[in-house]
Enquirer: 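Below you will find the structure I want to go over with you.
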Amino acid sequence: MLSNKDKCGGLTQEGVNFSDNATLHEVSVERRRILKSTASAVALLVGSHSLNEAWAQPSSNSAHRAVGKPLGFTAVPISMADNVTVPPEYVAQVFYRWGDPTGLAQGAPAFKTDASNTWQDQSLQAGMHHDGMEFFALGKDHGLLAINHEYTDDGLLHADGMKTWTADKVRKSQAAHGVSVIEVTQSQGQWVQQIPSRYARRITANTPMVLSGPAAGHSLMKTQADPQGTRVLGTLNNCAAGQTPWGTYLTCEENWNGYFSSQATPNADEKRYGLRPKGGGYRWHEHDSRFDAAINPNEPHRFGWVVEIDPTDPTHIPIKRTALGRTKHEGATTTLTRDGRVVVYMGDDERFEYIYKFVSRDKVKPGGFKANQHVLDHGTLYVARFDSRGYGRWIALAHGQNGLDAAHGFATQAEVLIRCRQAADLVGATKMDRPEWIAVHPDTGEVFVTLTNNSQRGAAGRPASDMPNDANPRADNVMGHIIRWREVDGDPAATEFRWIHFALAGDPLAKKAEHQGTVKGDLYGSPDGLSFDRNGLLWIQTDISTSAMHKGAYEFVGNNMMLVSDPATGETKRFLTGPAGCEITGLAFAPDQKTLFINIQHPGEPDSERSDPAKPRAVSSWPDGQGGGRPRSATVAIRRKDGGVVGT
Ligand code: FEO
Ligand code: CA
Ligand code: CA
C-alpha cells in the first residue's frame, strides 16, 4: 500500500477534499448491494457491459467505432535498466537536456556538470523536469516545441544542494521552472535544435503575465505590487498542457500550493488548496516574500490557472485564463462543439478531486490567435458527476445556478472561479482517483481520462463520498484506471454523457483483489500521460512514484513506461521503458506522425524526491552516463528506422 505516497509534481498528493457530497449522488439501492465488497464490484462492473446500461444504449457516434488495428511493433519487456528502450524497429534521439541552450539571441553558458551554473545562466538554458509538451508546425519537418518544466530537484539543481539556502538559489530554482519554446528541424531522421532561433523563449516563475476573464481585477487578485489585480509574475508547476485550435499553447499550473507559505492560521481557501503555515519544500518564501501569504495573502489566488501562450511570438505576454477555473490543473485538452465553439477538458490532480470542462460562448474563427484572443474569456465551466449505471452529468459552475450564490458564499462569478474547488464541492461533483490527462479520439470524439491512483479510496475514517463508487470502484486504488465517455449526441457541448471503464490497471492475477486489473496485454499501473495519435491509437504513459516502484503491488512493473492501446479491442502493448527513477511524460506528434516526441522527467529521482548532491548518480546517470555529471530531464524524438508512421 502506498499510504500517503501518491505523488506528482514534487509533492505528495495528500488530498485536501474533506467535503462529503455523496448525498447528491445518484446511488441506486441495487448499486449499494453490489458494493458489498470491492472485489465483487470490480468483477461486476468491468466484466459486464450489461450493468452499464447507459453505455449499452446506441449513440450517434458509436457507429464510428473502429475495428481492431494492428499494433505493428515488437513489444518491449519491463525493464529496470538505466536507459530508454524502444522496439528494435525504432530509434530514440535525446536532445534539449536540462541546462542545454534554449537558443536565445544572447546565447547561453555551457552547462556545468557540477551544477555550478548561476541563476542568470539557468534563465538562458533548458529548465528542469520537462513535462507536458506540444508541437507547433512551421513547415515540413520544421516546428516549435513548447515544453513545460514542472518542478525542480534542488538536490541536483545546486552544486551543494540545499545545504545552504540563499536568495540566489531561490532565483535559480525559479529560473529552472516555467516553459521553453525551442525551434527544431528534421533532416535524414535526425532532429536538430535551431540555435539561435528567433522563436526561442524561456518563460520562468518571474516572467510578466496578465490575468484575463471574469476573475481578473477582482479584489481577491489585488496585491501591493499589482493594485489592479491584472498583472502577475510567472507560472509554476506546469504539468500537462494543451493546444488550442488557433495554434496557441495551454500550460497548466498544478501543485502551485507547494511554493507558498500560508498565513499563520490558514484560512478555508488555503486549506482547500493545501497551503501550509511553514510553506512547501521549495522554501522560496524564505527569500521571496511574494510566496509568503502572511505578507501577500492574495498572491496564491494568482496561481492555479491555465495559461495561454502564443509560441510563434516571443514577445507575447502569457495570459492566465481565469474563466477555466482555479484548481491544480493537470492538462487542458481541446476539441470543438458541433457549432464550432471550443471545449477544454481538464483534470484537477489530487486525491478526491474533480474533472472539468469549459465550453466557450464564441465560435472559433479563422485567423489564428489574433482572431481568437478573447475566446477563452467567455463561456461556461462545468464539473463532472459520474452517476451509477454509466450515466453522467456536467453541472454548470455558473453564478446564480446550482446554489452558487451569495447565500452560499459566492458573491460573483469571479469568486466561483477563484474558489473553484469549493464551488464543485457545493454542486455535488464526483470525487475521483486523481484525474490526470484527458484525450479525445480523433474520429469518434470519445473522451478518455487517466485516474492515476488513490490509496486512500475507501480508507477508514474517510467520508461516504470517498468510498468506492461506480466510477472509482476499487478501495486502496494504488494501480489507477482509465475511464472513457461519450458526450450525448456526440456533441462536446452536451450536459450529459455516458461512461464506462476502459481499463482497471494492474495484473488480473494480483493476489490482492483490489489490485487486480483488467488490462488486456502488457501490464501497467499509475497511468498518467494520455494522447491519441491521428490513427486513433491511444498512447499511455505511466508515473509510478519512485517510493512505490518495484515493491508490493508494483513488483511486476519495472521502470516507468509508455504503452499503446487500441480502443476498439483494448489490446495493449508496451512501446518504451524509461531510465531509473524517471517518469515518462510529454506526448507530441509531428504532423506526419513519423516522429513522436516524449519527455523523460526526473531520471534518478530517489524515494525522498530530493537527490543527495554528494551522490548525484546514485539512482541514474541518464542521459550522460557515469562519466557525465548529474542525471538530466530531456526530450526524446522517436522514429521508425524505415521512416514510417509510428505505432502502426
Ligand atoms: Fe504533474 Fe499530475 O502530474
Ligand atoms: Ca502523475
Ligand atoms: Ca502528470
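Ligands are counted one by one from 1 in listed order, and the atoms in each one are counted from 1 as well.
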Enquirer: Quick one: report the N, O or S atom of Glu254 that is nearest to atom 1 (Fe) of ligand 1.
Expert: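 Nearest N/O/S atom: OE1.
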Enquirer: So, are Asp607 and Lys551 salt-bridged, with charged N and O less than 4.0 Å apart?
Expert: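 Counted as a salt bridge, because a side-chain N and a carboxylate O are separated by less than 4.0 Å.
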Enquirer: Kindly give the atom name of the N, O or S atom of Glu436 closest to the Ca ion (ligand 3).
Expert: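 Atom name returned: OE1.
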Enquirer: Considering only NZ, NE, NH1 and NH2 on the basic side and carboxylate oxygens on the acidic side, decide whether Lys431 and Asp466 come within less than 4.0 Å.
Expert: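 Yes, charged N to carboxylate O under 4.0 Å.
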Enquirer: Decide, yes or no, whether a salt bridge links Lys573 with Asp522 under the criterion of side-chain N to carboxylate O below 4.0 Å.
Expert: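 No.
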Enquirer: Under 6.0 Å from the ring centre and within 45 degrees of the ring axis: does the NZ or CZ of Arg326 meet both conditions for the six-membered ring of Tyr273?
Expert: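 Yes, a cation-pi geometry.
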Enquirer: Closer than 2.8 Å to atom 2 (Fe) of ligand 1, do we get an N, O or S atom from Glu436, backbone or side chain?
Expert: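 Short answer: yes, at least one N, O or S atom is under the cut-off.
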Enquirer: Can you give the angle Glu330 OE2 - the Ca ion (ligand 3) - Asp528 OD1, rounded to 10°?
Expert: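 About 80° at the Ca ion (ligand 3).
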Enquirer: Just give me the atom name: the N, O or S atom of Glu330 closest to atom 2 (Fe) of ligand 1.
Expert: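 This turns out to be OE1.
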Enquirer: Name of the Glu150 N, O or S atom nearest atom 1 (Fe) of ligand 1?
Expert: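 So the atom name we want here is OE2.
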Enquirer: Nearest N/O/S atom of Asp349 with respect to atom 2 (Fe) of ligand 1, by atom name, please.
Expert: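 Going through the N, O and S atoms of Asp349 one by one, OD2 ends up nearest to atom 2 (Fe) of ligand 1.
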Enquirer: Less than 4.0 Å between a side-chain N and a carboxylate O, is that true for Arg272 and Glu353?
Expert: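 A salt bridge is present here (some side-chain N lies under 4.0 Å from a carboxylate O).
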Enquirer: Is the ring pair Phe448/Phe532 parallel, tilted or perpendicular, if the boundaries are 30 and 60 degrees?
Expert: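 Because their plane-to-plane angle is over 60°, the rings of Phe448 and Phe532 count as perpendicular.
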